[in-house]
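Model, not experiment: these values are computed from the prediction.
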Amino acid sequence: MSPSTWLKTGTSAAALVLAAATAATAAPATAATPGATSAAVTLRYDDSRAAGWEAAVAAGVASWNANVGTIRLVKAAPGVRAEILIVATTGWPQATLGPVRPGRQVRVELGAQAVGDGYDKTRIAAHELGHSLGLPDTKPGPCTQLMSGSSAGTACTNAVPDAAERTRVRNTYANGLAAAGPTDGRVLVDAP
């Protein structure tokens, strides 16, 4: 094989490997959650800057993974860019309104002020993740609606999306792809 043929072949092979690796990273994973009927979109989250919220984030992630089969939230490996960046703050919880798509990024801020006022950490984490998945606030609302947020009061600890919330996220990420169209991008602050 001549050097120019080898170079062309090597370049083509490298491009093919890079394309396959990119497709494998961005491609939807096979759904591993109950009730899934098609491939799930894998979204990575990074809670390395959410000191003190790790258990609440894990529980919120578990709630979404158990209730919506078209998404799969997974903790990003160190050094891997996550679609959902989660940080602890001293203010009120807030998040970028999605739906976030693979390769894009939204931010969730888990605010200590809400915890200081008596709101449940796990509900806060699950609620703010809901914003990342494209759900707006439904205030005022009952405790049974996760997206009612602070309007449900401090006694509410429900961290499970209701049927309408599950359906909306399921449909947004149906068929292994996030719905076409841009992420909303507004920052929603969950203060009473």
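Checked by atom type, the side-chain pair Ser63/Arg123 shows no donor-acceptor distance below 3.5 Å.
Residues Val100 and Val74 fall into different hydrophobic clusters, defined by Ile, Leu, Val, Met, Phe, Trp and Tyr side chains chained together at heavy-atom separations under 4.5 Å. With hydrophobic clusters built from ILVMFWY side chains whose heavy atoms lie under 4.5 angstrom apart, Val187 does not share a cluster with Ile84.
Interatomic distance, CG of Asp117 versus OG1 of Thr154, reported as 8.5 Å (0.5 Å rounding). To the nearest 0.5 Å, the span separating OH on Tyr173 from CZ on Arg72 amounts to 14.5 Å. In this structure, the separation between CG on Leu146 and OG1 on Thr138 is 8.5 Å, given to the nearest 0.5 Å.
For the pair Tyr45/Val57, a side-chain contact is recorded, criterion being any heavy-atom separation below 4.5 Å from C-beta on. Under the 4.5 Å side-chain criterion, counting only non-hydrogen atoms from C-beta, His131 is in contact with Asp137. The side-chain heavy atoms of Met147 and Pro161, taken from C-beta on, include no pair separated by under 4.5 Å. Between Val115 and Trp53 there is a side-chain heavy-atom pair separated by less than 4.5 Å. Two residues are said to be in side-chain contact when any heavy atoms from C-beta on lie closer than 4.5 Å; Leu85 and Arg49 meet this criterion. Side-chain contact check for Leu133 versus Leu43: some heavy-atom pair is nearer than 4.5 Å.
Residues passing the side chain to side chain donor-acceptor pair (under 3.5 Å) test with Arg81, sequence neighbours excluded: none. Partners of Ser48 under the side chain to side chain donor-acceptor pair (under 3.5 Å) rule, at least two apart in sequence or in another chain, are Asp46.
Ile71 and Asn65 make their closest contact through O-OD1, 4.1 Å (heavy atoms, listed as atom of the first residue, atom of the second, distance). Residues Ser148 and Gln145 share a closest heavy-atom pair of OG-O, 2.7 Å. Closest heavy-atom contact between Gly69 and Ala40: O-CB, 3.4 Å. The minimum heavy-atom distance linking Val106 with Ser132 is given by the pair CG2-OG, 3.5 Å. Closest approach of Pro93 to Glu128, counting heavy atoms only: CB-OE2, 3.4 Å. Between Ala76 and Ala82 the shortest heavy-atom distance is CB-CB, 3.9 Å.
Side-chain atoms of Arg107 do not come within 3.5 Å of backbone N or O of Gln105 as any donor-acceptor pair. For the pair Lys121 (side chain) and Gly52 (backbone), a donor-acceptor distance under 3.5 Å is present. Thr70 places a side-chain N or O within donor-acceptor distance of the main-chain N or O of Arg170, the cut-off being under 3.5 Å. Formation of a donor-acceptor pair under 3.5 Å by the Glu83 side chain with backbone atoms of Arg44 is found in this model.
The salt bridge (Lys or Arg N to Asp or Glu O under 4.0 Å) analysis of residues 156-168, with sequence neighbours excluded, yields no pairs.
Results of the side chain to side chain contact (heavy atoms under 4.5 Å, CB included) test with Val68 over Val169, Asn171, Thr167 single out Val169 as the only residue that passes.
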